[in-house]
Structure formats: structure tokens, C-alpha cells
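To start, the structure under review is shown below, and the notes come after it.
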Amino acid sequence: MPTIANITFPNRYLNAAGCWCTTANELIDLQTSESGGIVSKSCTEKPRDGNVQPRLHLEDTLSINSTGLANLGVNFYAAFGSALMAVPKTTKKPYIVSVAGVEHGENVRIVQTLREPEYACGIDLIELNLSCPNVAGKPQVGYDFEATRDVLRLVFESDDGNGPPLGVKLPPYFDQSHFKHIAEVLSDFTGKGAGGVGYRGHGLSFATCINSLGNGMVYTHHTDKGDNAYQTAIAPNRGFGGVGGSVIKPFGLSNVAALHAELPYLPLIGCGGIASASDADEYAHAGASLMQIGTALMKEGVGVFERLHKEESVKL
Ligand code: DHB
């Protein structure tokens with residue numbers, strides 16, 4: 001069974017942050033599904049309504065979203081972890097809280113809330129999302145290597161080692177130099193890198209590769225609408241949004257393989273276009289030990305996890 005930082009997962013399939021994990025009902029669906037864990041919607045300090053609708057569009061080979069960090073706020077997702085502690089041991093699965101403050105200070109405050117003793121015991125891991133593409137005026141932190149170093153330093157310097165272990169969710173990188181650069185930054189926080197910053201806590205426990213490909217655009221075609229025949233599939237931000245689904249799988253695979261080559265000791269969670277057990281096998285071959293399901297989960301609902309397990313048993 002896969003493990004990260006001594007947390008054992010009953011199987012390798014999780015939901016991707018943002019997918020079927022915003023409300024209590026959705027999170028309960030994940031708990032009762034055959035997923036190997038539960039990842040929350042990326043949370044901010046205060047609840048957010050997010051962007052105008054429609055903000056998610058699904059097709060066979062892709063999704064595009066500009067949700068705008070709609071979420072119920074950190075206290076809700078922290079308290080949900082405490083509620084999950086009542087789940088019987090036989091069906092209890094790891095709970096990961098995804099964090100996406102809109103600036104460094106907010107990230108640190110959210111992580112500190114999750115480290116409070118009343119909450120920490122219900123939370124297995126924290127996934128710091130450095131790659132939300134959809135908040136106007138806020139660049140993706142993961143594309144700024146020094147900003148990434150700064151936020152990780154702040155998060156780890158404030159760690160007394162008693163809170164949940166923390167990993168990062170990275171954007172896709174498209175250049176060899178970027179693979180090297182992000183690996184160099186992360187290595188400073190894994191405890192095994194040359195630069196070690198002297199944090200007191202666990203250090204970086206994992207990385208999830210990749211988040212959606214930011215700022216894509218999809219048109220829908222309406223023959224009855226004359227001059228307006230082409231409309232963007234989603235409304236916010238002039239139709240720009242994060243693209244997921246099988247069209248991004250080649251980039252997810254290369255990012256996992258590149259980071260695995262640079263940091264072979266860092267556990268990796270693969271994400272990006274995983275819709276079958278054989279997709280997951282490809283990610284495992286590239287170096288991922290756990291898998292996050294995004295677009296396929298939004299298309300099929302939580303039954304996708306049962307299907308993935310069936311596909312694995314057919315293979316055996
Ligand atoms: C959001 C969308 C994403 O694709 C992502 O990776 C993170 C956050 C959002 O708009 O909420």
C-alpha cells in the first residue's frame with residue numbers, strides 16, 4: 001500500500017483538489033467511495049463564492065475551469081477532518097487539506113490554523129497549492145522560483161514538527177531548465193538537499209505533479225447564434241481557465257519523470273489526465289506512487305474509483 005510520511009493509503013487513487021470536494025456532501029461521497037483518500041478543495045482563510053458561472057466545462061478529452069477558489073474557508077475543512085475521526089478504523093482513509101492562500105502571509109496563517117492541536121489530529125497531510133491559475137491579478141506562485149522558495153521558507157520556519165506533514169502541488173513546467181530549478185528549490189526543504197534551511201519540522205513530504213495547464217481557452221459553437229456563433233465555454237476571465245483531462249497527460253508524465261529523476265527520494269503524486277488503470281500505470285512508471293483523478297471524476301462521479309479498481313483486477 002502506498003505511503004507518504006508514514007501515512008498509509010488503502011489504494012493509490014485520490015481525487016484531485018477541486019474535484020468533488022468543496023461541500024460536506026461531496027466530501028462524504030469521497031469518504032464512502034472506493035477512493036484511497038480524500039483531498040479537500042483548496043481553501044483560503046475566509047469562505048469565497050468564486051467566479052461567475054458557467055465556470056466549469058467538460059468534454060471527452062478535456063476540462064476547463066475557472067472556479068476562482070470557491071471554498072468554505074479553512075475552518076470548515078479543518079473541522080471536517082475532526083468529524084472524520086468518528087469514521088470506523090476499517091473504512092477510515094487519509095484526509096489531505098489543500099491550501100491556496102492568495103498571498104504568502106495567508107498561506108502561513110492557513111497552515112498555522114491546520115497545525116492547531118484541535119485540528120491537526122484529524123488531518124493527515126497538507127497540500128500547498130502553488131498553482132492556482134484563476135485568481136485575477138495573482139500569478140501562479142510555482143512559476144516564480146524565488147517566491148516559491150520564500151513561501152516554503154515561511155511555512156517550514158513556522159513548523160514545530162507537531163502539525164501534519166506538508167507537500168506542494170506544482171504547475172506544469174515546460175522547459176528542462178525549469179525542471180532543474182524547481183527541483184533545486186524543493187531540495188532545500190526535503191532535508192536531503194544541499195541548501196538546507198534549518199527548519200524544525202518534517203520538511204517537504206511530497207509533490208503533486210501537475211495542476212491544470214493554466215490559461216487555456218475552449219470555444220463552443222452555436223450555429224443558431226449568428227455573429228456570436230463562437231462563445232467561450234466558461235464565462236469568467238474572458239474564457240481563460242485551467243485545462244485538465246487526457247489532453248494534458250503527456251505533460252503530467254514528463255513533469256513526474258523529470259522531478260523523479262532530480263529528487264528520487266521525494267514521494268510524488270501523479271495528476272493530469274488519469275482516467276484508466278493503464279494511465280495510472282504510466283504515471284507509476286514515471287515515478288508517482290499515488291494518483292489524483294480530476295476530470296474523469298467530474299465526468300463520472302465517485303463511481304470512477306470503483307471502475308479503476310475493476311480495471312486493475314481485470315489486468316491481474
Ligand atoms: C482553481 C482552479 C484550478 O485549476 C486550480 O488548479 C486551482 C484552483 C480555482 O479556480 O479554484
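Order of listing sets the numbers, starting from 1, for every ligand and every atom in it. What's counted below: heavy atoms across the whole structure, side chains too, no hydrogens, waters or symmetry copies.
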Hey, can you pull the donor-acceptor pairs under 3.5 Å for the side chains in residues 284-293, sequence neighbours left out?
unit_1	atom_1	unit_2	atom_2	d
Gln292	OE1	Lys169	NZ	3.3
Gln292	NE2	Glu127	OE2	3.0

Are Ser66 and Asn237 close enough, and set up right, to give a side chain to side chain donor-acceptor pair (under 3.5 Å), and what steps lead you there? CA-CA 8 Å; Ser66 181; Asn237 207 6; 4.8 Å; no
Restricting to side chain to side chain contact (heavy atoms under 4.5 Å, CB included), what partner residues turn up for Glu118, sequence neighbours left out? Glu116
Please output the side-chain donor-acceptor pairs of residues 70-89 that fall under 3.5 Å, not counting sequence neighbours, one pair per line with the distance.
unit_1	atom_1	unit_2	atom_2	d
Asn71	OD1	Thr44	N	3.2
Asn71	OD1	Gly73	N	2.7
Asn71	ND2	Thr44	OG1	2.8
Asn71	ND2	Leu69	O	2.9
Asn75	ND2	Tyr119	OH	3.2
Tyr77	OH	Thr22	O	2.7
Tyr77	OH	Leu72	N	3.1

Check the angle between the aromatic planes of Phe179 and Tyr173 and answer parallel, tilted or perpendicular using the 30° and 60° thresholds. perpendicular
Is it true that His178 and Phe145 have ring centroids separated by less than 6.0 Å? yes
Note every protein N or O atom lying under 3.5 Å from an N or O atom of ligand 1, pairing the names and giving the distance.
unit_1	atom_1	unit_2	atom_2	d
ligand 1	4 (O)	Asn65	ND2	3.1
ligand 1	4 (O)	Ser212	OG	2.8
ligand 1	6 (O)	Asn211	OD1	2.2
ligand 1	6 (O)	Asn211	ND2	3.0
ligand 1	10 (O)	Thr67	N	3.1
ligand 1	10 (O)	Gly68	N	2.6
ligand 1	10 (O)	Asn134	ND2	2.8
ligand 1	11 (O)	Lys41	NZ	2.8
ligand 1	11 (O)	Gly68	N	3.4
ligand 1	11 (O)	Leu69	N	2.6

